[in-house]
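First comes the structure, then the notes that go with it.
Just so it is clear: chains get the letters A, B, ... in the order the sequence lines come, proteins before strands, and each one is counted from 1. This structure is a prediction, so every number in the text was calculated from the model and none was measured.
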2 protein chains.
Amino acid sequence: MAYTHTQQNRFNSKLTSQCQNCSLAALCLPIALVDEDVNRLDQIIERKRPLKKGELLFRQGEKFDSVFAVRTGTLKTFNLTGNGEEQITGFYCPSELLGLSGINNDIYPVSAKALETTTVCEIPFSHLEALSEQIPSLKRQLFKIMSRKICNDQDMMVLLGKKSADEKVASFLINLSDRFKRRGYSATAFRLSMSRGEIGNYLGLAVETVSRVMTRFQKNELIQVEGKEITLIDIDEMQKLVGKNEDCDSILKFE
Amino acid sequence: MAYTHTQQNRFNSKLTSQCQNCSLAALCLPIALVDEDVNRLDQIIERKRPLKKGELLFRQGEKFDSVFAVRTGTLKTFNLTGNGEEQITGFYCPSELLGLSGINNDIYPVSAKALETTTVCEIPFSHLEALSEQIPSLKRQLFKIMSRKICNDQDMMVLLGKKSADEKVASFLINLSDRFKRRGYSATAFRLSMSRGEIGNYLGLAVETVSRVMTRFQKNELIQVEGKEITLIDIDEMQKLVGKNEDCDSILKFE
DNA sequence: CGCCCCCTTGACCATCGTCAATGTCCGTGG
DNA sequence: CCACGGACATTGACGATGGTCAAGGGGGCG
């Protein structure tokens with residue numbers, strides 16, 4: 001655990017830049033910790049060995065003790081329904097935090113599985129809580145992260161409840177685009193690390209519907225698809241599509 | 001503000017029982033504050049004049065500064081879509097906290113409107129945050145409340161994304177029932193303070209569908225409906241209906 | 001090289017939304 | 001007190017969106 005501590009402590013500036021580029025951006029960057037604080041935060045973090053595709057980071061029902069920040073790769077969280085089917089509740093990209101829903105009952109209410117080779121930082125929650133006593137801005141930041149999660153989930157609820165298949169898929173792609181952009185990656189060309197089936201599961205759509213919508217988007221020159229590689233060609237048009245749910249029998253209706 | 005302080009300080013046990021019965025249960029009860037702490041919490045709380053049906057507690061886009069605990073009555077939170085339509089994101093019963101989603105951007109991302117005459121306690125967030133410095137169990141409780149909200153929202157996402165109209169309505173009724181039960185009210189007979197339209201909006205269903213489902217539930221003797229008064233007759237059967245989404249073309253399929 | 005999983009496409013059908021008509025309750029004002 | 005208007009609820013008929021079933025193609029990994 002924490003196999004890079006030695007180097008980090010020796011090259012402090014390197015450490016900082018690590019935190020800026022990496023998984024902890026969501027946690028550290030917005031609050032401008034002083035070096036000393038970054039150091040303290042860094043010391044409670046354990047860098048775990050990489051997960052291979054399909055490996056579980058934590059399992060539904062397990063005792064909660066840490067939250068995790070994604071460094072590289074992607075994960076999905078899901079739970080299993082009565083009949084053993086998977087219900088995907090979220091995808092997590094680099095710099096994003098997962099595991100927060102475990103605070104409630106000291107148990108993870110979902111499982112988390114790597115969609116590809118993935119590395120994460122483990123942040124023991126008890127340590128984080130203790131540290132947040134000493135660094136007020138850290139505590140406030142934690143509240144914000146949880147609050148933001150609540151906001152995002154509510155947007156997701158609206159999406160699931162009220163939007164058409166087209167709107168769901170468009171929203172999903174734009175959402176991914178935004179997340180990549182914020183990370184400094186291309187907002188228009190990226191790789192979908194999840195399968196069509198997983199997208200459909202997440203969006204409340206059948207695989208076939210996801211496939212059909214993406215094909216149609218392509219025909220209408222909104223996107224360019226090639227397997228898992230995707231390019232957003234006309235983001236503006238997609239944005240419009242997402243914003244409205246009526247008065248907009250737009251471009252997509254006729255092929 | 002805090003118009004009962006004088007009495008409360010004189011009759012401390014009365015104060016405690018107030019907090020136990022009332023809106024603050026969600027915040028206070030699970031953490032067994034000592035009297036002194038209850039007192040400190042109580043001092044930052046402002047009891048506002050009652051809201052009449054239709055009045056707004058806070059408005060989407062307004063500066064965030066407080067969370068609210070419902071004392072009596074019900075509220076809904078919603079936001080407005082591009083075309084001016086309402087998107088209901090939650091209903092809040094006595095003892096429940098609302099406003100947490102404002103922490104993120106220091107702005108309420110939704111509006112909150114009273115569905116009937118409603119009283120709330122206002123809890124200025126800055127004070128709450130400061131107080132949570134001094135009472136560690138209070139801070140932990142805040143984390144828990146937010147985490148629980150995340151869990152609930154995720155259940156809601158599954159409901160919206162994957163469930164049939166029957167399952168949605170059944171879940172909704174059982175959810176309300178549980179909330180009333182926990183409050184010490186009847187779990188089987190209660191009044192729906194929201195309209196069918198609002199239920200539909202919340203569940204991602206048309207009014208007509210809500211109406212039809214409830215009529216069918218009544219025919220099948222799962223519930224008894226009389227306007228806004230509702231009685232759950234066969235909760236077990238409803239539970240089954242909610243749990244499964246297949247292998248269960250049950251009682252409801254034929255009328 | 002071959003298997004398996006994932007993706008795509010088509011045909012069909014169920015669920016649920018839309019439209020329209022009618023009924024009910026309630027508050028307001030004549 | 002009753003008549004009226006408006007919001008809410010119910011019910012039926014119809015049609016569209018999207019799920020299901022089935023078949024076929026393609027790509028990656030052993």
For atom [atom1] of [X] and atom [atom2] of [N], their distance in whole Å:
X: A/Glu226; N: D/dG28; atom1: CD; atom2: C1'; value: 15 Å
X: B/Arg196; N: D/dC8; atom1: CZ; atom2: P; value: 12 Å
X: B/Glu198; N: D/dA7; atom1: CD; atom2: C1'; value: 12 Å
X: A/Ile230; N: C/dC7; atom1: CD1; atom2: C1'; value: 14 Å
X: A/Leu205; N: C/dT8; atom1: CG; atom2: P; value: 14 Å
X: A/Lys163; N: D/dG18; atom1: NZ; atom2: P; value: 13 Å
X: B/Lys162; N: D/dG18; atom1: NZ; atom2: P; value: 15 Å
X: A/Lys52; N: D/dC29; atom1: NZ; atom2: P; value: 14 Å

Under 3.5 Å, is there a donor on one side chain and an acceptor on the other for [X] and [Y]?
X: B/Thr77; Y: B/Thr89; answer: yes
X: B/Glu208; Y: B/Ser211; answer: no
X: B/Thr72; Y: B/Thr119; answer: yes

For [N], does either OP1 or OP2 sit under 4.0 Å from a side-chain N or O belonging to [X]?
X: A/Thr215; N: C/dT9; result: yes
X: A/Arg212; N: C/dT8; result: no
X: B/Thr209; N: C/dG17; result: yes
X: A/Lys228; N: C/dC7; result: yes

- Query: Side chain of B/Ser195: nearest nucleotide among C/dC7, D/dC8, D/dT11?
  - Reply: D/dC8
- Between A/Glu96 and A/Arg179, does a salt bridge (Lys or Arg N to Asp or Glu O under 4.0 Å) hold up when you go through it step by step? CA-CA 9 Å; A/Glu96 297 175 343; A/Arg179 284 152 80 178; 2.8 Å; yes
Scan [X] against the nucleic acid and name what it touches under 4.0 Å (heavy atoms): base, sugar-phosphate only, or nothing.
X: A/Ala206; result: base
X: B/Gly197; result: sugar-phosphate
X: A/Gly200; result: nothing

- Any N/O donor-acceptor pair, A/Glu208 side-chain to C/dC7 base, under 3.5 Å: no
- Task: Please step through side-chain hydrogen bond (donor to acceptor under 3.5 Å, both in side chains) for the pair A/Lys149 and B/Asn104, ending with a clear verdict.
- Result: CA-CA 9 Å; A/Lys149 173 92 180 130; B/Asn104 181 16; over 6 Å; no
